[in-house]
Amino acid sequence: MESIITIATVLTMYFNAASDTTAPYLYNSDLEDGVIHKIEVYEQKADNQVCAKMEYRYDYDAEGRLSTKEIMRWDAAANDWAPETCLTYKYYKNGYNVEVSSWNAEAQAYDLPNEVTLYRSVAPAVTSVKTYLLDKEKNDVRLSNRILVMEPTENLLLADGQEAPAFS
């Protein structure tokens with residue numbers, strides 16, 4: 001299974017969002033050598049006032065894959081960005097995990113992940129997706145969702161590099 005969360009993926013998502021002229025949001029990115037490290041999102045109100053909303057911070061591993069995405073929310077009282085959520089991406093031979101951690105203001109750090117989604121290649125063009133949630137009251141983890149995602153066969157390449165035949 002090839003990684004789908006690369007520098008190019010983040011860059012494409014940014015350009016798609018920034019080019020939507022009908023959305024009430026404005027985007028400012030920290031882009032260096034084709035790599036997005038940060039995106040700030042502002043909302044343009046009906047009176048043309050612009051208000052800070054969100055900030056996304058991205059880090060990548062040595063292979064150019066997304067390793068963390070930190071989500072910050074604007075705190076008007078503090079006049080600064082406040083941490084909210086951190087997604088950590090861990091890559092394996094047959095897939096990857098996305099761990100979601102929430103900011104703990106009291107501890108001034110992210111808690112242990114409260115949600116983990118596992119993406120695993122189970123066959124050519126078939127990916128298993130399982131999400132586990134942390135139940136803090138029971139100090140337990142439970143499976144909350146599982147699905148199989150299948151790509152269209154016209155996107156499938158056979159082991160010899162040939163395209164798979166289309167089925168009708």
Side-chain angles (χ1 to χ4, degrees), residues 1-20 25 27-41 53-73 81-104 107-164 167:
M1 172 179 185
E2 285 190 38
S3 167
I4 61 167
I5 309 168
T6 62
I7 291 169
T9 304
V10 174
L11 191 62
T12 300
M13 290 182 332
Y14 167 72
F15 284 126
N16 286 341
S19 65
D20 184 358
Y25 299 104
Y27 302 89
N28 183 39
S29 69
D30 176 9
L31 179 67
E32 184 178 319
D33 296 328
V35 178
I36 290 187
H37 297 283
K38 179 173 62 174
I39 299 173
E40 294 170 341
V41 181
K53 295 303 263 182
M54 306 290 290
E55 181 177 86
Y56 302 98
R57 297 177 182 176
Y58 301 93
D59 287 314
Y60 306 90
D61 66 14
E63 295 179 43
R65 300 174 300 191
L66 187 61
S67 59
T68 61
K69 175 183 179 181
E70 188 176 20
I71 302 168
M72 314 288 281
R73 187 171 297 280
W81 297 107
E84 184 174 275
T85 307
C86 186
L87 283 71
T88 304
Y89 298 79
K90 296 181 178 178
Y91 298 90
Y92 303 94
K93 185 177 181 178
N94 66 336
Y96 61 95
N97 294 356
V98 180
E99 299 177 354
V100 180
S101 301
S102 298
W103 180 254
N104 182 328
Q108 289 295 295
Y110 285 102
D111 287 332
L112 290 174
N114 53 11
E115 179 180 318
V116 178
T117 302
L118 288 67
Y119 298 83
R120 295 294 181 270
S121 177
V122 294
V126 179
T127 302
S128 165
V129 182
K130 294 180 182 176
T131 300
Y132 295 88
L133 297 176
L134 174 64
D135 185 340
K136 288 184 181 181
E137 290 178 10
K138 295 181 180 178
N139 196 26
D140 195 15
V141 176
R142 64 178 175 81
L143 178 66
S144 69
N145 194 8
R146 63 180 175 198
I147 62 171
L148 284 177
V149 179
M150 295 183 280
E151 294 180 33
T153 57
E154 62 266 12
N155 295 340
L156 180 63
L157 292 179
L158 300 175
D160 62 4
Q162 299 294 316
E163 286 188 20
F167 297 99

Legend entry - side-chain hydrogen bond (donor to acceptor under 3.5 Å, both in side chains) partners of Glu99, counting only residues at least two apart: Lys90

Legend entry - side chain to side chain contact (heavy atoms under 4.5 Å, CB included) against Leu112, all qualifying residues, sequence neighbours excluded: none

Legend entry - Test side-chain contact (heavy atoms from CB on, under 4.5 Å) applied to Leu87 and Leu66, Thr117, Ile71, Thr68, the passing residue: Ile71

Legend entry - Interatomic spacing from OH in Tyr132 to CG in Leu118 - rounded to 0.5 Å: 6.0 Å

Inset, instruction - For the pair His37 and Tyr60, name the ring-plane relationship: parallel under 30°, tilted 30 to 60°, perpendicular over 60°. - result: perpendicular

Legend entry - Interatomic spacing from OG1 in Thr131 to CG in Asn97 - rounded to 0.5 Å: 10.5 Å

Inset, instruction - Please list all pairs passing the salt bridge (Lys or Arg N to Asp or Glu O under 4.0 Å) test where one or both residues lie in residues 137-148, with sequence neighbours left out. - result: none

Inset, instruction - Could you check Asp111 against Lys136 for side-chain contact (heavy atoms from CB on, under 4.5 Å), going step by step and ending with a plain yes or no? - result: CA-CA 11 Å; Asp111 287 332; Lys136 288 184 181 181; 3.8 Å; yes

Legend entry - Interatomic spacing from CG in Asn114 to CG in Leu133 - rounded to 0.5 Å: 7.5 Å

Inset, instruction - Compare every heavy atom of Tyr58 with every heavy atom of Lys38, then report the nearest pair and how far apart it is. - result: N-CD1, 4.3 Å

Inset, instruction - Please name the residue in the list Arg73, Met72, Gln108 that meets the side-chain contact (heavy atoms from CB on, under 4.5 Å) test with Pro83. - result: Met72

Legend entry - Asp61 side chain to Glu63 backbone, donor-acceptor under 3.5 Å: yes

Legend entry - Nearest atoms (heavy-atom pairs only) where Glu84 meets Tyr110: N-OH, 3.9 Å

Inset, instruction - Over 60° means perpendicular and under 30° means parallel, so classify the ring planes of Tyr91 and Tyr89, tilted if in between. - result: parallel

Legend entry - Closest non-hydrogen atom pair, Pro113 against Val116: CB-CG2, 4.2 Å

